Amino acid sequence: MTISIICTNKDPKPWVDALKKLDPTLDVQIWPNERRKEDVEFVLCWNHPEGVLADYPNLQCICSMGAGIDHLSNDAFFPKDLPVVRLVDPLLAQSMFEYICAVVMFHFRELDVYKAQQGQSNWLQQPPKSIFQTTIGIMGLGNIGKYSASKFSDIGFNVIGWSRTKKSIKGVKSYTGEDQLEEFLSQASILICLLPLTNETRGILNLKNFNKLPQGAYLVNVARGEHLVDEDLIMALNEGQLRGACLDVFREEPLVKSHPFWNHSKILLTPHCASITDPISVAPQVVQNYRLMQDSKPLLNQVNLLRGY
Ligand code: NAP
């Protein structure tokens, strides 16, 4: 029985090492060089080539190598009858919070403004702002969103969150569904997207919704590039509806050199590095799921494919 690692833009070697370190008896192989496709029962996938999963006649479980599964469901030939699991890792949530916190504080303390002033040798204090009167709105209160929401509330920000179902998180006001989206957006002077990419959330960061935010709001998208309508962001920034944006994810990655985001003065962009999965940290749950699959027991972190996350 074989575990195969199928990825096109990640190095599989640290994953093999982490799994073998936990259990040296595991047979872990790397696509496309497995000895016998028939032996593969469990695959770890990240941006696999479309259709390749059909090559494994005895496949029993597909495990995403990250928190999201949109890279799997984009495959028109995806075997929809097989269970799909994803990685849920406290380290992933912590490292995402570190990134978002750095960005929020950079914006909130106007370090971007001071950096620009420095370029002109301009000694000018900006008016002070209160953390207690600044509202952060988090779209998506799942594994990562709820962690960041609590942490921002602990620091003193006023935190509101938007999700499909109602949440009870200390210090965080919960809004749900389409009905409450406008009320949620109207308060968020810093908007952070931590939604999964589904048919319902694709393109949700659009001009119509930007116009519902308080004027001069700041956007942080660390979820998926397809949540954002790129032209709408540029329009909202140029018209001053948004004061700035930080983007870590893009429709096409790497972002093409000619994309207008690269040189936009109000955009801070990073190369999908907000929170990178550590194979050593997640290997135990991968092995646990492999064993559960072998014993025909319920899997950990199984994705609801109908819901899309
Ligand atoms: P998750 O646990 O699946 O949580 C998703 C949240 O979104 C849930 O609260 C869910 O509501 C809510 N949601 C889903 N569909 C919705 C809808 N139509 N309307 C309102 N709310 C909706 O996701 P996660 O693990 O926290 O990951 C969040 C995002 O971060 C994903 O897009 C992931 O790919 C991305 N990510 C990015 C990086 C990076 O480095 N940039 C790293 C890791 C993850 P319910 O709770 O009510 O179901």
Side-chain angles (χ1 to χ4, degrees), residues 9-10 45-47 63-74 84-103 137-151 159-169 172-185 188 191-206 209 219-228 245-251 253-255 268-279 281-282 285 300-309:
N9 60 351
K10 263 188 210 277
C45 276
W46 193 257
N47 287 327
C63 177
S64 167
M65 291 165 82
I69 61 121
D70 44 288
H71 58 101
L72 292 169
S73 42
N74 282 342
V84 172
V85 294
R86 70 185 189 109
L87 300 177
V88 173
D89 180 26
L91 263 192
L92 205 60
Q94 167 62 25
S95 114
M96 180 63 89
F97 172 68
E98 290 162 13
Y99 175 97
I100 305 172
C101 187
V103 169
I138 301 189
M139 303 178 95
L141 293 173
N143 178 52
I144 299 176
K146 69 172 179 264
Y147 184 85
S148 287
S150 289
K151 290 274 190 186
V159 184
I160 57 176
W162 185 71
S163 48
R164 221 174 32 83
T165 56
K166 188 107 183 135
K167 302 291 172 214
S168 175
I169 306 168
V172 179
K173 183 149 190 219
S174 162
Y175 293 84
T176 58
E178 277 297 316
D179 293 355
Q180 295 186 346
L181 180 59
E182 185 160 355
E183 192 185 349
F184 163 81
L185 290 172
L191 182 70
I192 300 170
C193 182
L194 276 166
L195 289 165
L197 183 65
T198 64
N199 290 339
E200 284 74 42
T201 64
R202 185 171 281 107
I204 196 163
L205 301 176
N206 57 42
N209 285 333
L219 171 72
V220 182
N221 186 21
V222 279
R224 285 292 177 261
E226 284 181 61
H227 284 124
L228 177 67
C246 171
L247 308 174
D248 183 56
V249 286
F250 304 91
R251 285 174 175 263
E253 296 180 3
L255 187 64
L268 170 65
L269 71 82
T270 53
H272 201 147
C273 61
S275 183
I276 296 173
T277 309
D278 176 2
S281 175
V282 297
Q285 65 181 275
L300 305 173
N301 306 317
Q302 186 165 348
V303 173
N304 178 336
L305 288 176
L306 283 178
R307 209 177 53 174
Y309 68 99

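Quantities reported herein were computed from a predicted structural model and do not represent experimental measurements. Each ligand, and each atom within it, is numbered from 1 in the order the structure gives.
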Nearest protein heavy atom to [atom], by residue and atom, and its distance?
atom: atom 19 (N) of ligand 1; result: W162 CH2, 3.3 Å
atom: atom 1 (P) of ligand 1; result: R86 NH2, 3.6 Å
atom: atom 13 (N) of ligand 1; result: L195 CD2, 3.7 Å
atom: atom 26 (O) of ligand 1; result: I144 N, 2.9 Å

### Task
Decide whether the shortest distance between a heavy atom of P196 and an atom of ligand 1 is less than 4.0 Å.
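Flag set, P196 near ligand 1.
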#### Entry: Any K166 heavy atom less than 4.0 Å from ligand 1
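Contact check K166 vs ligand 1: negative.
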Considering only heavy atoms, does [X] approach ligand 1 within less than 4.0 Å through its side chain, its backbone, both, or neither?
X: M139; answer: neither
X: T201; answer: side chain
X: E200; answer: side chain
X: K167; answer: side chain
X: D248; answer: side chain

How long is the span from the [atom1] atom in [X] to the [atom2] atom in [Y], to the nearest 0.5 Å?
X: Q94; Y: C101; atom1: CD; atom2: SG; value: 9.5 Å
X: L306; Y: T198; atom1: CG; atom2: OG1; value: 12.5 Å
X: L91; Y: I276; atom1: CG; atom2: CD1; value: 12.5 Å

### Message
Check the orientation of F97 and Y147. Use parallel for under 30°, tilted for 30 to 60°, and perpendicular for over 60°.
### Response
perpendicular
#### Entry: Under the side-chain contact (heavy atoms from CB on, under 4.5 Å) test, residues paired with N209 that sit two or more places apart
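If we apply the side-chain contact (heavy atoms from CB on, under 4.5 Å) test to N209, skipping adjacent residues, the hits are L181, L185, I204, N206, K212.
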In terms of atom number and element, which parts of ligand 1 are under 4.0 angstrom from non-hydrogen atoms of [X]?
X: V222; answer: 35 (C), 36 (N), 37 (C), 38 (C), 39 (C), 41 (N)
X: L194; answer: 28 (C), 29 (C), 30 (O)
X: L141; answer: 6 (C), 8 (C), 9 (O)
X: V249; answer: 41 (N)
X: A67; answer: 25 (O), 44 (C)
X: R224; answer: 34 (O), 37 (C)
X: H272; answer: 39 (C), 40 (O), 41 (N)

### Query
So with a 6.0 Å cut-off around CD of Q302, is the heavy-atom count from everything else above 12?
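Counting neighbours around CD of Q302, more than 12 heavy atoms of other residues, nucleotides or ligands fall under 6.0 Å, so yes.
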